[in-house]
Amino acid sequence: MLALEKALPAGSVLLEETERHRYGSDAWQAHAMPDAVVLAKSTADVVTVLKLATQHRVPVTARGAGRGYVGGCVPERGGIVLSLEKMKRVLELNTIDGVARVQPGVITASFQERVKARGWFYPPDPASRAECSLGGNVATNAGGPRCLKYGVTRPYVLGLEVVLADGTVARVGGRTHKNKTGFDLVGMFVGAEGLLGIVTEMTLRLIPQPRARAGIAATFPRPEQAAAAVNAIFAAGFLPAAMEMADAFTLAAAREHLGAQRVPPGKAHLLVEVDGSATATRVDIREMQRILKACGSTAVRLAPSEAACEALWETRRLFSASLKARGLTKMNEDITVPRSRLVDLFKFAQTLEKKHGFPVACFGHAGDGNIHVNIMIPKNITEGDPRIQRALDDLFTRVLSWGGAITGEHGIGLAKLPWWEQATSPAVRELHARLKKALDPDGLLNPGKFV
Ligand SMILES: Cc1cc2nc3c(=O)[nH]c(=O)nc-3n(C[C@H](O)[C@H](O)[C@H](O)COP(=O)(O)OP(=O)(O)OC[C@H]3O[C@@H](n4cnc5c(N)ncnc54)[C@H](O)[C@@H]3O)c2cc1C
């Protein structure tokens, strides 16, 4: 570690045990102790770290803001945690080109606010956006509610500067909205969870900020009716910005935590947001009101302005806190199912609950089938308990049998590692292994993860 201290600017290397401990985990349960933490301030620092790591065969695990949900930045094999948190400059914000160049440590929400202040829009909106970094979003291909209409992080990444394991700096992609020069190398690094290279700069695509937003919230006596409403809205020709659904357990927790006046009676809740011109959004939610009522909704609340829409979202965002207020540990699984399986999923959650004895709460992005299935664990049961693993086994096996995915947003990291093999074919695993070998032959980048 002496070599690192000599080669990097003063104060960049943390060796104290308490400091190293702080960099050993994210928002999931796992922890591993790094031997050193480097706070990189430039691409040159990252190059120095990777050259030394290659020379001495030391593992390097990239870290953004450490708000991942799957233990992705946990340094499973020790070595160096390479934190990008100090690289947090917006290098360019060009609204004529619809492009921003940013360093990886920029916090997502602060970037979105800067872009919005110029009348422009960067849509990917993970719920953690006030805390997570753009570099972490790129490395996990993060998504959120608005991704129904606007897509996840990938379509907003035009170019990347990446430092490879041997210290080579590669600039892939570019700064134009279309570019078909060679392979899609940008796509290869987006979602790679720090296994193929360290992202040190991103060129992001911006689009004009929609002029208005409006929303509608509806409760239904049965989840099947809410799921049917999702399909009816699409069938009527709408592509809302977001469509969020919640189940009876979540609603009961929200009523208890927030009061009955904020969450009307019913066993399923649907929140729909549209954006565009002020007139169009108001007309759209009126038409949707008719659709929701025809599908059996017993209470509909219209939010015709941005402020009213935000008030609906505030309730939706408090669902998670309401569940936590029940005094149980929430294990959040971000599975995705084909939309035709939404009702089956909500029913299956009840089967899981009966079979394994843990309450299960489902809510999330119904529009794209990405539902957060929360297994609620009593505090006296540890998260590694085999009963939890069995419940997760059942959940993932069923989701895969429907043609779904074990993770729609959070990534594999350590949390989903036990199901990586089940979720992929031998040919796909071999392809991952070949790519990894080509880019990181000594396996130094984020070892102990899915490749
Ligand atoms: C309360 C809560 C809500 C969440 N909601 C959502 C949500 O709605 N949608 C969603 O998609 N996710 C969500 N997440 C998960 C998480 O916030 C995202 O995965 C986010 O993108 C992580 O960013 P980060 O900066 O914290 O990354 P970290 O946790 O620091 O790292 C995540 C992964 O990226 C790698 N990495 C980080 N920076 C780089 C880099 N510069 N170069 C190469 N690799 C790098 C790390 O090695 C690791 O594998 C949520 C998490 C929490 C705690």
Side-chain angles (χ1 to χ4, degrees), residues 23-30 34 40 43 46 49-50 59-76 80-88 102-109 111 124-147 152-154 157 160-165 189-202 242 244 316-317 319-321 323-324 330 332-334 336 363-365 368 370-372 374 407-417 439-440 445-451:
Y23 285 84
S25 58
D26 61 4
W28 195 59
Q29 66 197 32
T43 301
V46 174
V49 170
L50 290 180
V60 177
T61 301
R63 181 184 174 93
R67 297 309 293 157
Y69 240 158
V70 290
C73 65
V74 171
E76 188 61 2
I80 300 165
V81 163
L82 178 54
S83 169
L84 287 308
E85 73 199 277
K86 301 280 182 204
M87 293 179 67
K88 54 179 179 193
V102 298
Q103 291 186 317
V106 175
I107 296 298
T108 309
F111 174 67
D125 58 342
S128 51
R129 67 198 187 95
E131 296 176 309
C132 63
S133 72
L134 289 169
N137 295 170
V138 166
T140 56
N141 196 12
R146 278 197 299 242
C147 297
V152 292
T153 299
R154 170 67 189 100
V157 187
L160 292 174
E161 179 185 82
V162 185
V163 185
L164 304 180
F189 289 105
V190 176
E193 299 189 30
L195 272 78
L196 299 180
I198 309 291
V199 175
T200 46
E201 190 185 302
M202 286 113 55
E244 300 281 302
R316 156 68 182 83
R317 287 191 196 110
F319 283 174
S320 204
L323 286 172
K324 284 184 189 149
K330 188 165 90 57
N332 178 348
E333 305 302 332
D334 65 319
T336 308
F363 68 90
H365 322 313
D368 47 27
N370 179 208
I371 300 292
H372 294 270
N374 298 281
T407 170
E409 293 185 331
H410 301 159
I412 300 292
L414 292 170
K416 301 287 184 338
L417 199 51
L439 292 174
D440 177 19
L445 295 179
N446 207 354
K449 303 291 168 35
F450 59 92
V451 188

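All ligand and atom numbering here is 1-based and tracks the order in the structure.
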Protein contact to atom 48 (C) of ligand 1 [nearest heavy atom, distance to 0.1 Å]: Gly72 C, 3.5 Å

Results of salt bridge (Lys or Arg N to Asp or Glu O under 4.0 Å) for Arg67 - residues two or more places apart only: Glu131

Residue pairs fulfilling side-chain hydrogen bond (donor to acceptor under 3.5 Å, both in side chains) with at least one residue in residues 133-142, sequence neighbours excluded: Thr108-Asn137

Proximal candidate to atom 49 (O) of ligand 1 [heavy atom criterion; set Glu193, Glu85, His410]: Glu193

Any Pro124 heavy atom less than 4.0 Å from ligand 1: no

Protein heavy atom at shortest distance from atom 24 (P) of ligand 1: Ala65 N, 3.6 Å

Atom NZ of Lys330: over 12 foreign heavy atoms under 6.0 Å: yes

side-chain contact (heavy atoms from CB on, under 4.5 Å) partner of Lys449, chosen from Leu417, Leu414, Ile412: Leu414

Heavy-atom nearest neighbour of atom 17 (O) of ligand 1 within options Ser128, Ala27, Gly64: Ser128

Per atom 18 (C) of ligand 1, closest listed option by heavy atom (Val60, Thr140, Asn446): Thr140

More than 12 heavy atoms of other groups within 6.0 Å of Lys416 NZ: yes

Atom 2 (C) of ligand 1 [closest protein heavy-atom partner, distance rounded to 0.1 Å]: Tyr69 CE1, 3.7 Å

Minimum non-hydrogen distance to atom 9 (N) of ligand 1, winning option of Gly66, Gly143, Gly191: Gly143

Taking atom 6 (C) of ligand 1 as the reference point, the nearest protein heavy atom with its distance: Ala127 N, 3.7 Å

Protein heavy atom at shortest distance from atom 20 (C) of ligand 1: Asn137 ND2, 3.6 Å

Atom 44 (N) of ligand 1: the protein heavy-atom neighbour that sits closest, reported with distance to 0.1 Å: Gly194 CA, 3.3 Å

Glu244-His365 side chain donor-acceptor pair, cut-off 3.5 Å: yes

Shortest protein contact, atom 46 (C) of ligand 1 (heavy atom only): Ala62 O, 3.2 Å

Protein contact of atom 35 (C) of ligand 1 - nearest heavy atom, named by residue and atom, plus distance: Ala139 CB, 3.5 Å

Leu84 neighbourhood, listing ligand 1 atoms whose heavy-atom distance to it stays under 4.0 Å: 41 (N)

